[in-house]
Structures are given as C-alpha cells and as structure tokens.
Amino acid sequence: MNAHIDANLEMNSDEVLKVRLEVLKREHRDLDEAIHALTETGHPDQLRLVRLKKQKLSLKDLIARIEDRLTPDIIA
C-alpha cells in the first residue's frame with residue numbers, strides 16, 4: 001500500500017517539476033530577448049547587462065538540474 005502512495009507522490013512531484021521546467025525555460029527565453037534588446041540600443045547599461053547574463057546562466061543551471069532529475073538513470 002505504501003509503495004502505491006509513494007508512486008503517486010513521485011508522479012505528482014515529476015509533474016510539478018515538468019511545469020516548473022517549462023516556466024524556467026520561458027524565463028530563460030525572456031532574459032535572452034531582454035539581453036538582445038539591451039545590446040541593440042547602441043549604448044547598453046553594462047552593469048544591467050552583466051546582471052541579466054548571470055541570471056540567465058543561473059536559470060540554465062537550474063534547468064539542467066531539473067532535467068537531470070526528470071531523466072531516468074540508464075544502467076549500462
């Protein structure tokens with residue numbers, strides 16, 4: 001009985017992670033567009049640009065960690 005409950009909790013956790021992953025990917029794309037728009041202005045605010053790039057990199061790392069959790073381990 002407990003295994004069934006654990007399986008349901010795991011499935012729900014995976015679903016939550018998938019939704020979170022999509023939100024993070026959208027945020028990553030939005031940051032990419034903001035960075036591109038800022039660089040197109042001709043005289044971008046360098047401090048803001050660096051902060052956006054760091055935030056984008058942080059999101060990329062978080063996305064990779066979530067994708068790793070969602071990808072099952074394959075035993076070779």
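We count residues from 1, following the sequence as given.
Under the salt bridge (charged side-chain N to carboxylate O under 4.0 Å, His left out) criterion, K18 pairs with E15, not counting sequence neighbours. Under the rule for a side chain to side chain contact (heavy atoms under 4.5 Å, CB included), the partners of Q46 that lie at least two apart in sequence or sit in another chain are P44, L49. Looking at residues two or more places apart in sequence or on another chain, you find no salt bridge (charged side-chain N to carboxylate O under 4.0 Å, His left out) involving D30. Checked against salt bridge (charged side-chain N to carboxylate O under 4.0 Å, His left out), K25 has the following partners two or more places apart in sequence or in another chain: E67.
Listed by first and then second residue, the side-chain hydrogen bond (donor to acceptor under 3.5 Å, both in side chains) pairs that reach into residues 47-62 are D32-K56, sequence neighbours excluded.
Taking hydrophobic clusters as Ile, Leu, Val, Met, Phe, Trp and Tyr residues chained together by side-chain heavy-atom distances below 4.5 Å, L24 shares a cluster with L17.
Cluster partners of V50 are absent, since no Ile, Leu, Val, Met, Phe, Trp or Tyr has side-chain heavy atoms less than 4.5 Å from it.
In plain terms, the two heavy atoms of L52 and L31 that are nearest each other are CD2-CD2, 3.6 Å.
For the side-chain contact (heavy atoms from CB on, under 4.5 Å) test with L21, the passing option among L62, I63, V16 is I63; the others fail.
With hydrogens and angles ignored, the 3.5 Å screen pairs a side-chain donor or acceptor of T39 with a backbone N or O of H36.
Here the CD1 atom belonging to I66 is positioned 10.5 Å from the CD atom belonging to E22, to the nearest 0.5 angstrom.
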